[in-house]
2 protein chains.
Amino acid sequence: MSDKATIYDIAKKLNISAATVSRALNDHPKTSNKTKILVQETALELGYEQNKLALALKSGRSNTIGVIVPRIDINFFGSIIRGIEDELYPRGYHIIICQTHDNEQKEIQNINALLNAQVDGIITSITKNTKDVSIFERILDKNTPLIFVDRKLNLKGASSVTLDDFKGAYQATQHLINQGCNRITHLTVIGYQSVGIYKDRLEGYTQALKDNDIPFDADLILDIENDINGGKKAGQKILNFKDRPDGIFSSSDFMILGAIKEIKANGLKIPEDIAVIGFSNEPFTKFMENPISSVDQCALEMGKLAAKVFLDQIIDPKLLKVEKNVILAPKLKIRQSSSKKTPAN
Amino acid sequence: MSDKATIYDIAKKLNISAATVSRALNDHPKTSNKTKILVQETALELGYEQNKLALALKSGRSNTIGVIVPRIDINFFGSIIRGIEDELYPRGYHIIICQTHDNEQKEIQNINALLNAQVDGIITSITKNTKDVSIFERILDKNTPLIFVDRKLNLKGASSVTLDDFKGAYQATQHLINQGCNRITHLTVIGYQSVGIYKDRLEGYTQALKDNDIPFDADLILDIENDINGGKKAGQKILNFKDRPDGIFSSSDFMILGAIKEIKANGLKIPEDIAVIGFSNEPFTKFMENPISSVDQCALEMGKLAAKVFLDQIIDPKLLKVEKNVILAPKLKIRQSSSKKTPAN
DNA sequence: CTGTTAGCGCCTTCAC
DNA sequence: GTGAAGGCGCTAACAG
């Protein structure tokens with residue numbers, strides 16, 4: 001009883017052919033209601049369940065999609081995956097998860113493994129140092145839909161769902177300017193050769209300054225490690241500027257957290273002395289005693305959209321090679337750390 | 001070129017049989033080195049890759065494991081999954097992710113879907129209101145290894161990896177007592193009928209009081225919603241006690257965060273007036289300006305151990321039905337919110 | 001409306 | 001050492 005019943009078991013019991021059973025089970029039009037009912041009853045009785053593996057082998061479609069992210073225990077990627085799952089599960093798709101740990105070799109291995117597993121599509125955020133495009137071309141060569149989320153590569157035939165990082169940075173900077181800041185530093189992340197998002201954020205910042213006739217000062221751009229310690233070091237530098245900045249736009253919430261700690265430790269007030277805003281809207285930013293303003297990346301939405309793009313491509317073969325690039329508008333979360341006038345949540 | 005090469009393509013090109021190709025590819029002993037090399041070369045040339053689906057159908061093993069959690073975008077579950085992935089990926093396993101959103105119906109659907117997909121095992125954390133055991137029995141009936149993580153069901157044949165919640169609670173409470181607290185409230189979560197962890201935490205708390213000759217007071221147990229608002233309400237109640245408590249042990253970090261906000265808003269100091277400690281060691285607890293003490297649940301470790309239990313069972317068929325219950329010791333993270341004497345991180 | 005045949009891609013006896 | 005045959009479970013084409 002422990003082992004699975006097949007359509008042959010049902011067929012044998014009913015003295016009909018397996019093909020008929022298959023048709024009855026799939027509600028094929030050219031099957032008598034009588035046999036349909038009969039088959040369904042015995043199926044139930046025998047505890048029959050369709051073996052998706054056999055179906056997949058037969059049809060060439062596994063109803064499985066591969067998702068590759070740098071790390072799954074980062075809230076941002078977890079939310080993206082949740083979005084994908086929420087959208088794809090009701091459509092009968094399974095999601096296979098892989099992590100790269102930002103290692104390009106693992107990325108290649110993951111992709112190969114997923115292709116071997118005959119996934120129907122791949123949704124991924126590239127590693128911070130992905131250089132080799134050929135592995136992604138292999139995906140497309142196999143006519144497997146490829147959709148980038150957040151961190152993308154420009155590749156003909158590959159779709160993408162990304163955030164308008166430029167806009168997010170622009171708005172964040174403009175917001176600081178509106179609060180009265182006119183000497184704003186920008187914290188950016190070092191070591192992301194292949195990821196364009198930090199470049200875009202820097203450009204959004206630069207453009208906002210320009211549009212407000214604030215001179216750009218290269219010294220105000222601080223290249224640091226994307227963690228609290230990096231932020232602390234940046235905080236020190238900021239405090240040591242002869243002409244102290246009155247605002248910080250950071251490309252990461254962790255960096256701004258470090259900077260905040262350092263600044264407060266030196267007796268300065270946030271936002272009164274220095275107004276700050278981060279990027280990513282990590283959960284902790286709103287939990288702080290003094291909540292931190294941040295740019296929300298709409299991770300859940302990104303995941304859902306990536307899944308929808310995949311579905312579009314898979315449903316209509318004509319769209320398979322038609323790339324679709326969706327760009328989401330970020331949402332500014334204004335909180336206390338940047339509200340010189342009215343405190344908010 | 002876009003479509004996959006099979007062993008038949010290699011066979012045809014070399015004028016040998018597919019069986020020989022298969023053997024050569026699998027490094028079968030009874031194959032000449034010459035053909036092995038020849039086959040491998042043409043395999044490379046043709047871009048051949050083994051179709052895992054066919055292999056799975058043939059062998060009955062999919063090299064895939066199903067992981068079901070309430071929600072994947074919760075840090076705790078994300079870390080568990082990461083642990084599983086880290087451990088299983090090098091062994092050639094894929095991980096299929098499902099979410100229940102704490103809905104028992106979805107849980108049943110997920111399990112059925114995974115069984116249809118012929119997964120080699122299932123690792124799961126049950127929903128907060130799972131009642132029906134039969135679906136889990138079905139898993140075992142199919143000789144599929146079943147391992148619970150964190151939230152478990154007592155089921156003969158099913159293994160589990162859990163935290164010693166009793167111990168964590170006991171230690172947290174003892175720690176507060178050591179800090180000089182002698183009137184300690186406990187915040188517990190309502191609405192978790194089937195999850196034993198909150199009961200265990202309550203018991204750990206109770207035992208610690210008893211061992212320190214502190215009388216148990218049922219009024220000090222507050223049943224609340226597991227979120228910040230629930231915590232705020234609890235905070236109000238605590239402030240209104242005629243004999244105000246001097247310590248709080250909370251079964252959740254979110255609840256304690258709400259309580260802290262409420263208490264501070266009323267001008268009381270933490271930990272001086274009320275020392276507090278939470279549970280889960282959510283990332284935000286250590287990022288706060290005044291970091292919150294908490295009980296770490298070793299999520300990564302739990303995931304890794306669950307994966308190891310699975311491997312043990314799958315490797316040795318004799319162990320398949322031998323349940324293994326691993327209980328991890330929690331780690332107290334003492335921080336400012338409960339350090340009346342020495343501040344710490 | 002139903003049965004027969006064939007094949008998805010692979011591996012594993014069984015012969016030779 | 002290698003080839004031929006069969007089957008994992010399912011469905012689609014072709015007959016009837």
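So that the names make sense, note that chain A is the first sequence line, chain B the second, and so on, each numbered from 1.
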Asker: Can you tell me if A:Glu49 and B:Asn116 form a side-chain donor-acceptor pair at under 3.5 Å?
Answerer: yes
Asker: Calculate the interatomic distance between B:Asp9 atom CG and C:dG9 atom P; express it in whole Å.
Answerer: 9 Å
Asker: Reckon B:Thr31 has a side-chain N or O less than 4.0 Å from the OP1 or OP2 of D:dT2?
Answerer: no
Asker: In whole Å, I'd like the distance from the CD atom of B:Gln118 to the C1' atom of C:dC10.
Answerer: 16 Å
Asker: Could you tell me how far apart A:Ile10 (CD1) and C:dG3 (P) are, to the nearest whole angstrom?
Answerer: 14 Å
Asker: Can you check each nucleotide of nucleotides 8-16 of chain D against protein heavy atoms at under 4.0 Å and return B for base, S for sugar-phosphate only, - for none, in 5' to 3' order?
Answerer: BBBBBB---
Asker: Between A:Arg82 and A:Asp86, does at least one N-O distance fall below 4.0 Å, as a salt bridge requires?
Answerer: yes
Asker: Rounding to a whole Å, what distance do you find between B:Lys12:NZ and D:dG3:C1'?
Answerer: 17 Å
Asker: Donor-acceptor check, side chain of A:Ser125 to backbone of A:Val69, threshold 3.5 angstrom: yes or no?
Answerer: no
Asker: Could you point out which residue of B:Ile122, B:Ile65, B:Thr124, B:Val309 forms a side chain to side chain contact (heavy atoms under 4.5 Å, CB included) with B:Ile147?
Answerer: B:Val309
Asker: Indicate, with a heavy-atom threshold strictly under 4.0 Å, whether B:Ile16 touches base, sugar-phosphate, or nothing.
Answerer: sugar-phosphate
Asker: B:Ser159 pairs by side chain to side chain donor-acceptor pair (under 3.5 Å) with which of B:Lys324, B:Gln313, B:Glu323?
Answerer: B:Gln313
Asker: Tell me whether B:Asp102 contacts the main-chain N or O of B:Pro70 through its side chain, where contact means a donor paired with an acceptor under 3.5 Å.
Answerer: no
Asker: Is the distance from OP1 or OP2 of D:dT2 to the nearest side-chain N or O of B:Ser17 less than 4.0 Å?
Answerer: no
Asker: Tell me the interatomic distance from B:Lys30, atom NZ, to C:dT13, atom P, rounded to whole angstroms.
Answerer: 10 Å
